[in-house]
Amino acid sequence: MSPASSHALKHPPVTAPSEPAGAPSDFPELAVAIDKQRRRGRGAQSNASGRYEAEARVAFDDGWQSLEELPPFKTTVAVDTSRKVITRNDSPDIGFDRSINPYRGCEHGCVYCFARPTHAYLGLSPGLDFETKLFVKPEAPELLEKELAAAGYEPRMIAIGTNTDPYQPIERERKIMRGILEVLERAGHPVGIVTKSALVMRDIDILARMAKRNLAKVAISVTSLDPKLARTMEPRASTPPKRLEALKQLSDAGIPTTVMVAPVIPALNDSEIERILDAAAHAGVKEASYVLLRLPLEVRDLFREWLMANYPDRYRHVFTLIRDMRGGRDYDAKWGERMKGTGPMAWTIGRRFEIACERLGLNKRRARLTMDHFARPKRNGDQLSLF
């Protein structure tokens with residue numbers, strides 16, 4: 001395969017909204033989409049090679065109907081042997097400087113996930129590989145305790161779930177997230193969690209104890225209340241009612257909760273902003289936030305492919321509005337603008353969100369976590385105190 005054809009398969013050109021859309025020639029990636037039965041229950045339509053790969057491989061029928069013999073995509077789990085578990089960042093437009101990701105890849109399969117491109121660093125596809133080839137950090141609790149015990153460590157809130165979901169399905173058996181919370185509770189270290197999974201309710205006992213000391217808060221993303229849209233867009237995440245139930249149980253337990261309307265996708269779920277906030281407020285939520293759809297790197301092509309497969313009648317309208325909010329581009333990563341966008345449509349979404357929050361009494365107060373309880377874990381060999 002020539003380098004030129006490889007590039008075309010990995011990064012197909014985007015058809016301008018003003019041009020006729022829907023013809024197969026306009027969407028070369030549809031020709032390499034994986035058969036529906038093989039990817040049943042998955043979000044991505046295809047499994048194109050990552051951007052760092054020298055070649056792209058495409059399955060094609062050679063006349064012997066061999067494609068019919070290919071098995072469905074199954075979830076596989078490999079061990080991540082990282083020696084550190086806390087990741088640092090200096091992004092000026094997010095409220096944390098460190099995070100933990102117990103897993104790489106995410107079985108929830110949310111088609112719009114901005115973390116998908118990270119799988120390319122592993123030589124894997126941000127498409128179906130991202131949601132089927134998972135990496136787990138079984139020693140994360142021990143590594144975390146070691147890092148917290150380091151002499152130079154200064155405590156600040158650790159964010160968990162900012163890249164891949166810590167409560168994705170394999171957490172039920174692995175229980176790595178629970179182990180991490182146990183370490184943080186013992187050390188009196190603050191944590192902020194983001195998830196789409198009702199599995200977070202399993203750890204209410206730990207989170208409630210931590211919340212009493214202002215050490216924990218939880219944000220749950222509710223993208224849509226429409227079960228069909230939610231299942232199509234986030235195939236293995238908890239259903240909208242389950243997420244609302246989780247928000248209620250967390251709130252009832254005294255744990256500060258936030259509903260995240262994220263991502264807001266124009267002409268697809270933006271009409272639900274007020275309904276989602278209203279449902280969350282009735283569940284006891286006191287804080288809310290939103291994030292505009294982000295389409296970095298391979299996510300753009302995966303999302304447009306998904307949109308053409310599921311909502312072809314909305315394709316041109318959705319991308320017209322996206323570009324109106326991104327300075328004429330599919331995505332703009334500029335600090336301070338990447339989360340909210342610019343232009344009249346972005347302003348309208350922001351104002352609608354603010355008005356709804358004001359009406360429902362949301363964001364009147366922000367939960368603030370404290371570092372006052374931090375006690376550095378004891379390391380093996382440390383001298384015991386006499387007093």
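Starting from 1, each residue takes its place in the sequence as its number.
Applying the 6.0 Å contact sphere to CZ of R178 captures more than 12 heavy atoms from other residues, nucleotides or ligands. When the shell of 6.0 Å around CZ of R98 is examined, it contains more than 12 heavy atoms from other residues, nucleotides or ligands. With a 6.0 Å radius and a threshold of 12 heavy atoms from other residues, nucleotides or ligands, E185 has its CD atom above the threshold. The 12-atom threshold is exceeded at CD of E142, counting heavy atoms of other residues, nucleotides or ligands nearer than 6.0 Å.
Contact annotation: the side chain of L144 approaches that of I158 to within less than 4.5 Å [non-hydrogen atoms, C-beta and beyond]. Proximity of Y290 to E354: side-chain heavy atoms (C-beta onward) are nowhere separated by under 4.5 Å. Contact annotation: the side chain of I160 approaches that of V191 to within less than 4.5 Å [non-hydrogen atoms, C-beta and beyond]. Put simply, the side chain of N163 does not reach to within 4.5 Å of the side chain of S99, judged on heavy atoms. Looking at heavy atoms from C-beta onward, I86 lies in side-chain contact with I100 at the 4.5 angstrom threshold. Annotation: side chain of R352 is in contact with side chain of D270 (closest heavy-atom distance under 4.5 Å). Looking only at side-chain heavy atoms (C-beta outward), T239 and R231 come within less than 4.5 Å of each other. Y331 is listed as a side-chain neighbour of R338, based on a closest heavy-atom distance under 4.5 Å.
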Quiz prompt | side chain to side chain contact (heavy atoms under 4.5 Å, CB included) between D97 and D90, worked out | solution = CA-CA 6 Å; D97 68 351; D90 56 1; over 6 Å; no
Exercise. I would like to know whether C113 and V299 meet side chain to side chain contact (heavy atoms under 4.5 Å, CB included); could you show each step before the answer?
Key: CA-CA 7 Å; C113 182; V299 182; over 6 Å; no
Quiz item: Hey, mind stepping through S125 and N47 against side-chain hydrogen bond (donor to acceptor under 3.5 Å, both in side chains) and telling me if it holds?
Solution: CA-CA 6 Å; S125 172; N47 206 38; 3.2 Å; yes
Exercise. Please lay out, stage by stage, how D93 and K340 fare under the test salt bridge (charged side-chain N to carboxylate O under 4.0 Å, His left out).
Key: CA-CA 11 Å; D93 58 350; K340 308 299 183 185; over 6 Å; no
Exercise. Using the side chain to side chain contact (heavy atoms under 4.5 Å, CB included) rule, take M201 and I204 through it: C-alpha gap first, then chi angles, then the decisive distance, then the call.
Key: CA-CA 5 Å; M201 292 187 289; I204 281 181; 4.1 Å; yes
Quiz item: Could you walk me through whether N310 and Q45 pass the side chain to side chain contact (heavy atoms under 4.5 Å, CB included) check?
Solution: CA-CA 10 Å; N310 293 281; Q45 308 291 305; 3.9 Å; yes
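Side chain to side chain, R366 and T258 fail the donor-acceptor criterion of an N or O pair below 3.5 Å. Side-chain atoms of S224 and D226 include no donor-acceptor pair closer than 3.5 Å.
Side-chain N or O atoms of E131 include one that pairs as donor or acceptor with a backbone N or O of G43 at under 3.5 Å. A distance-only check finds a donor-acceptor pair linking the side chain of S221 to the backbone of A262 [under 3.5 Å]. Here the side chain of N269 pairs a donor or acceptor atom with the backbone of T223 at under 3.5 angstrom. Judged by distance alone, with hydrogens and angles left aside, the side-chain atoms of R116 form a donor-acceptor pair with the main-chain N or O of G127 at under 3.5 Å. In this structure, the side chain of E272 engages the main chain of L225 through a donor-acceptor pair within 3.5 Å. Between the side chain of R294 and the main chain of F114, no donor-acceptor pair closer than 3.5 Å is present. One N or O on the side chain of H373 and one on the backbone of R213 form a donor-acceptor pair closer than 3.5 Å. In terms of modelled atom types and a separation under 3.5 Å, the side chain of R42 and the main chain of F73 share a donor-acceptor contact. With D330 contributing its side chain and L295 its backbone, the two residues share no donor-acceptor pair below 3.5 Å. At least one donor-acceptor pair closer than 3.5 Å links the side chain of K137 to the backbone N or O of N101.
The heavy-atom pair separating A267 from L321 by the smallest distance is CB-CD1, 3.9 Å. For the pair G284 and T257, the tightest heavy-atom approach, listed with the atom from each and the gap, is O-OG1, 4.5 Å. Scanning both residues, I34 and S46, for their nearest heavy atoms gives CG1-CA, 4.0 Å. In terms of heavy atoms, P126 sits closest to L302 at O-CD1, 3.5 Å. When all heavy atoms of A187 and L148 are compared, the closest pair comes out as CB-CD1, 4.0 Å. Nearest heavy-atom pair, P166 versus G161, reported as atom, atom and distance to 0.1 Å: CD-CA, 3.4 Å.
Atoms CG and OG1, from L122 and T118 in turn, are 7.0 Å apart once rounded to the nearest 0.5 Å. Taking CD of E182 as the start and NZ of K175 as the end, the distance is 10.0 Å to the nearest 0.5 Å. Atom-to-atom distance recorded for D203:CG and R209:CZ is 10.0 Å, nearest 0.5 angstrom. Atom CZ of R326 is separated from atom CZ of F319 by 11.5 Å, given to the nearest 0.5 angstrom. Note that CD1 of I193 and OG1 of T162 are 11.5 Å apart. Values are rounded to the nearest 0.5 Å. N363 contributes atom CG, which lies 11.5 Å from atom NZ of K286 (distance to the nearest 0.5 angstrom).
Residues I265 and I273 do not share a hydrophobic cluster, clusters being chains of Ile/Leu/Val/Met/Phe/Trp/Tyr side chains in contact below 4.5 Å. Linking ILVMFWY side-chain heavy atoms closer than 4.5 Å, directly or via other members, places V259 and L292 in a single hydrophobic cluster. Under the 4.5 Å side-chain contact rule for hydrophobic residues, L268 and I349 do not share a cluster. Taken together through direct or relayed side-chain contacts under 4.5 Å among Ile, Leu, Val, Met, Phe, Trp and Tyr, V218 and V222 form part of one hydrophobic cluster. V264 and M339 sit in two unconnected hydrophobic clusters of ILVMFWY residues. Membership requires side-chain heavy atoms under 4.5 Å apart, directly or through other members.
Applying the ring pair (Phe, Tyr, Trp, His ring centres under 6.0 Å) definition to pairs two or more places apart or across chains, those involving residues 147-172 are Y153-H189, Y153-F374.
In summary, E298 and R51 engage in a salt bridge, as defined by a charged side-chain N under 4.0 Å from a carboxylate O. Looking at E234 and R243, a side-chain N of the basic residue comes within less than 4.0 Å of a carboxylate O on the acidic one, giving a salt bridge. Salt-bridge check for K217 with E287: failed, with every basic side-chain N at 4.0 Å or more from each acidic carboxylate O. Under a 4.0 Å N-O distance rule, the pair K248/D252 qualifies as a salt bridge.
At least one cation-pi condition fails for R104 and F130: the charged atom is not both under 6.0 angstrom from the six-membered ring centre and inside a 45 degree cone around its axis.
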